[in-house]
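Just below is one structure, and these are the notes that go with it.
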Amino acid sequence: MSNRRLTIQFICFWLIWLVVQVGLNAPIEKHLSGWPQELLLDAIKLVVWLGAAWWFIRQADHHHLRLSLSNAEQWRPNWRFAAGYVVWGIIVIYLLGEFWLVHHGLIVNHSFIPQFWGRYFLVVGVTEEFLFRGYFFNALLQKFSLTTANVIQALAFASLHIPRYLTTVPAMSPMLWLSNLVSVFLLGLLFGWLYARSHSLWPGIATHMTWDILVTLFG
């Protein structure tokens, strides 16, 4: 698979997600609330991200373009991947410890609503891991070393959060932009490492889900 093809695919998806964020998600968040808002946002994320990942992998198969792992292989759980359990445990201890110190206890965020269990626990981890680790990183591993491929996909992963930040109301400060992008980049590196070492999407999905829901719940 050529670098040009991957770059074009990523740019096209970035622009599609920007249009979706501006034209659909932002208006939905403004005019709807509760479960109608949540279900619509979840449906859009599932269709756009899973649809793109499925389409890119299908095109790769159609053109006989080799990926590091087949789609069937990467969805197979690797229960013996001990590092995955260790990383997950460290993430849980780190986040709960940080929130305990900052808030002097584990206090649920006043803005947290039950609907967030869908968006930040069930949907985001699966969709983002499938597209970024399951396709883009999967393809990059055929062309670059693990370190280089991981850095490229983590940078791309961070940049895909920009459309969301552009439509956040009230607008985020430059320092918050930078802090969030650095955090997402580092998480992208971690998720990529889990994928490459386990040869499975599930360790990254589990860790991704856990990070998002704990940050949303106690952050």
Side-chain angles (χ1 to χ4, degrees), residues 10 12-55 88 91-92 94-96 98-134 156-188 191 201-202 204-219:
F10 174 75
C12 287
F13 183 77
W14 196 99
L15 292 173
I16 288 170
W17 188 238
L18 175 62
V19 171
V20 169
Q21 186 63 43
V22 173
L24 291 176
N25 289 356
I28 288 171
E29 290 178 336
K30 181 178 180 181
H31 297 292
L32 294 179
S33 61
W35 282 108
Q37 179 196 88
E38 181 64 29
L39 292 175
L40 270 176
L41 292 175
D42 288 349
I44 290 169
K45 182 92 175 185
L46 287 167
V47 169
V48 175
W49 286 66
L50 293 186
W54 174 82
W55 176 256
W88 183 86
I91 290 293
V92 171
Y94 165 74
L95 287 177
L96 293 182
E98 180 183 27
F99 296 140
W100 183 282
L101 291 173
V102 171
H103 302 299
H104 306 291
L106 292 179
I107 302 171
V108 175
N109 192 317
H110 66 88
S111 64
F112 184 85
I113 56 176
Q115 294 92 310
F116 286 169
W117 286 103
R119 190 187 315 177
Y120 295 110
F121 187 69
L122 296 177
V123 174
V124 173
V126 173
T127 55
E128 294 185 0
E129 289 307 305
F130 186 30
L131 180 61
F132 268 89
R133 265 56 72 177
F157 179 59
S159 77
L160 239 299
H161 288 69
I162 292 175
R164 170 65 176 169
Y165 299 161
L166 287 172
T167 55
T168 298
V169 178
M172 295 164 55
S173 68
M175 285 306 298
L176 188 55
W177 263 67
L178 180 61
S179 173
N180 283 0
L181 289 174
V182 169
S183 296
V184 174
F185 169 72
L186 294 176
L187 286 171
F191 301 149
L201 285 165
W202 289 107
I205 289 174
T207 306
H208 196 151
M209 285 178 167
T210 301
W211 180 280
D212 283 353
I213 198 62
L214 289 181
V215 168
T216 307
L217 186 60
F218 298 116

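Note that the structure is a prediction, hence the values are computed from the model and not measured.
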Nearest-0.5 Å distance that lies between atom [atom1] in [X] and atom [atom2] in [Y]:
X	Y	atom1	atom2	result
Trp117	Leu122	CH2	CG	9.5 Å
Arg164	Leu166	CZ	CG	11.0 Å
Asp42	Gln115	CG	CD	9.5 Å
Leu131	Trp17	CG	CH2	10.5 Å
Gln21	Ile16	CD	CD1	14.0 Å
Leu214	Leu106	CG	CG	9.0 Å

Salt bridge check: are Glu128 and Arg133 linked by an N-O gap of less than 4.0 Å? no
Can we call the ring centroids of Trp211 and Phe121 under 6.0 Å apart? no
Verify the ring-centre separation between Trp100 and Phe218: is it less than 6.0 angstrom? no
Check: [X] side chain, [Y] main-chain N or O, donor-acceptor pair, under 3.5 Å:
X	Y	value
Thr127	Val123	yes
Ser159	Ala156	yes
Thr168	Ala171	no
Thr207	Gly204	no

Please check if the number of heavy atoms outside Tyr94 that lie under 6.0 Å from its OH is greater than 12. no
How about Trp177: does its CH2 atom have over 12 heavy atoms from other parts shown lying under 6.0 Å from it? yes
Under the ring-ring contact (aromatic ring centres under 6.0 Å, His included) criterion, do Phe13 and Trp49 qualify, and how do the steps go? CA-CA 9 Å; Phe13 183 77; Trp49 286 66; 5.0 Å; yes
Exercise answer: donor-acceptor pairs, residues 31-40 side-chain atoms, under 3.5 Å, sequence neighbours excluded:
from  : atom 1 : to     : atom 2 : distance (Å)
Gln37 : OE1    : Arg119 : NH2    : 3.4
Gln37 : NE2    : Glu29  : O      : 3.3
Gln37 : NE2    : Leu32  : O      : 2.8
Glu38 : OE1    : Arg119 : NE     : 3.2
Glu38 : OE1    : Arg119 : NH2    : 2.9
Glu38 : OE2    : Arg119 : N      : 3.0

Testing the basics here: between [X] and [Y], what is the closest heavy-atom pair and its distance to 0.1 Å?
X	Y	answer
Leu201	Phe130	CD1-CD1, 4.1 Å
Phe99	Val215	CZ-CA, 3.8 Å
Phe157	Gly188	CD2-CA, 3.8 Å
Gly125	Met209	CA-CG, 4.1 Å
Val20	Ile44	CG1-CG2, 3.5 Å
Thr167	Ala26	CB-CB, 4.3 Å

With side-chain contact (heavy atoms from CB on, under 4.5 Å) as the criterion, how do Leu217 and Asn109 come out once you've worked through the C-alpha distance, each side chain's angles and the decisive distance to 0.1 Å? CA-CA 6 Å; Leu217 186 60; Asn109 192 317; over 6 Å; no
Answer yes or no: is there a side-chain heavy-atom contact under 4.5 Å between Asn180 and Met172? yes
Validation row: Leu24, Leu41 side chains within 4.5 angstrom (heavy atoms): no
Going by the rule side chain to side chain donor-acceptor pair (under 3.5 Å), which residues pair with Ser183 if we only count those two or more places apart in sequence or in a different chain? none
Does Ser173 form a side-chain contact (heavy atoms from CB on, under 4.5 Å) with Leu176? I'd like the steps, not just the answer. CA-CA 5 Å; Ser173 68; Leu176 188 55; 3.4 Å; yes
